[in-house]
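One structure is given here, and the rest of the page talks about it.
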There are 2 protein chains.
Amino acid sequence: MSNATLSPAVARGPADHDVRDQIVAAATEHFGRYGYEKTTVSDLAKAIGFSKAYIYKFFESKQAIGEMICANCLREIEAEVRAAVDVADRPPEKLRRMFKSVVESTLRLFSEDRKLYEIAMSAASERWQTVVVYEERIRQLLQDILREGREMGEFERKTPLDEAAGAIYLVMHPYINPLLLQYSFDHAAQAPVQLSSLVLRSLSP
Amino acid sequence: MSNATLSPAVARGPADHDVRDQIVAAATEHFGRYGYEKTTVSDLAKAIGFSKAYIYKFFESKQAIGEMICANCLREIEAEVRAAVDVADRPPEKLRRMFKSVVESTLRLFSEDRKLYEIAMSAASERWQTVVVYEERIRQLLQDILREGREMGEFERKTPLDEAAGAIYLVMHPYINPLLLQYSFDHAAQAPVQLSSLVLRSLSP
C-alpha cells in the first residue's frame, strides 16, 4: 500500500483511518451486492461518492481493499478459535476444540455472509499475504498446544515438534482453506471429530 | 445406458463392443482437442462420421461416454495402486505405498493427459457413479491393509476398524479427489510421506 502522492507520515492521521474504514465498509456492502470480481475501483468510487483518485490515496488497488476485508474476517475467525481453545484445560481437548471451531467459524462466516466467500476464494487462490499470515498463526497455535501437551506428558515426544505440527496442519488444511472447504461441506460436521480422534491417537505417548 | 430401440440381447454382440470402443476412443481424442464441457454429442457424431442417432444406440448421453473414459482411467490408477501395495510385505509399508502411489498415479495421469483432467473434474463435482465406486474400492483396499495389520499385531485394535479406516480415508481424500488435489500440487510430493507417518503413529499398538 505505497502512496506516491502523500507522505505516509503526513497522510495517516486518525481522520485518514476513519476514511479508510469508511471505504472498507462501503466496499464490503458493494462487493456483497455486485460481487468482488465484477466490481472495479471506478464502480466503487461512483457508489461511495468519492473520486477514484481519492480512493487511490488510501488503497493502491481493489485487492488492497479486499485484503483489508479479508484480514478483518480472518481476525474474527482466529479470535473465535482462540476463545474456544482457552475454555479447555487439557491439551487434547484444546486440540479437539481448535479443529471444531476453525471449521465452524469458517463455515458460519461464509454461509451468513456469502459476499465474503468470493473474496476469500480470491484470497486463497492468489495466496494473498493476509492468508499466508493467518495460516501461519493457526499453525503456531497448533504448535503451542502440542508443546504444552508434551510438557504435561499428554503427548508423545519422539517425533520432532515441527514434523508433528506440520503433519497435523496438513490434516486440518482442507478444512481451513475455503477453496478446499467448499468440496467438504458434506462431511464438514463429522470430519473434525473423526480427524481429531485420529490425530490424538497419533499423539499418544 | 438403457436402449429403447434395440433389445440388449440382440444388440450387444462383440461387434457392438467394438463400436462402443471406437466411440470411446474417438470421443477421448475429440474431448482432448476441444474440451469435454464444450463438446456436444452432435459435434462428436460429425467428427466420428456416425449419425447422432447411431451414437445414442450405444450411449444414452455424453456423460455416459465420459463415464466410460473416466472408468478406464480410474481402473488404471487402481491397478497401479494395487501393484504398488503388493510389492510390500508388511502392512505399514503397504499403507505408505498406497498413499504415495495413489497421489503419483493421479497426478501423472492428469499431467500427461490434460484432456482427462476436465472429465475427472466433472466426474468429481457431479459425483458420477464411476467415482463413487472407485472411492469405495480404494477405501476397501485401505480397510484390508488395516485388517491385515491388526491380525499381524502391527496395528492397534482398540479403535473400531470402520472408524479407523474412515478417518484415514478422510486424511487421504484431498489427495485422491482431483477437485481437491488441484489445490495441493505444491505439497503433493511431501504430503503423502508426512501424512503416512502421522497415520502410522495413530495405528501403533
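Residue numbers start from 1 in every chain, and the chains themselves are labelled A, B, ... in the order their sequence lines are given, proteins ahead of strands.
A distance of 12.0 Å separates OH in B/Tyr183 from CG in A/Leu181, rounded to the nearest 0.5 Å. Note: B/Leu198 CG to A/Leu198 CG = 6.5 Å, rounded to the nearest 0.5 Å. In this structure, CD in A/Glu163 is found 6.0 Å from OG in B/Ser197, a value given to the nearest 0.5 Å.
Chain A is approached within less than 4.5 Å, heavy atom to heavy atom, by no residue from residues 124-153 of chain B.
When B/Leu179, B/Val171, B/Leu195 are compared by the number of non-hydrogen pairs under 4.5 Å with chain A, B/Leu179 comes out ahead. No other option in A/Leu200, A/Leu203, A/Leu170, A/Val199 has as many heavy-atom pairs under 4.5 Å with chain B as A/Leu170.
When all heavy atoms of A/Arg201 and B/Ala167 are compared, the pair lying nearest together is NH2-CB, 4.4 Å.
With a 6.0 Å radius and a threshold of 12 heavy atoms from other residues, nucleotides or ligands, A/Arg82 has its CZ atom above the threshold.
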Using atom types as modelled, flag every donor-acceptor pair under 3.5 Å from a side chain in residues 70-77 of chain B to any protein atom, sequence neighbours excluded.
unit_1  : atom_1 : unit_2  : atom_2 : d
B/Asn72 : OD1    : B/Arg75 : NH2    : 2.8
B/Asn72 : ND2    : B/Met68 : O      : 3.4

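Heavy atoms closer than 4.5 Å to chain A are found in both the backbone and the side chain of B/Ile168. Neither the backbone nor the side chain of B/Tyr169 comes within less than 4.5 Å of any heavy atom of chain A. For B/Glu156, the part lying near chain A is the side chain, with the backbone staying farther off; criterion is any non-hydrogen pair under 4.5 Å.
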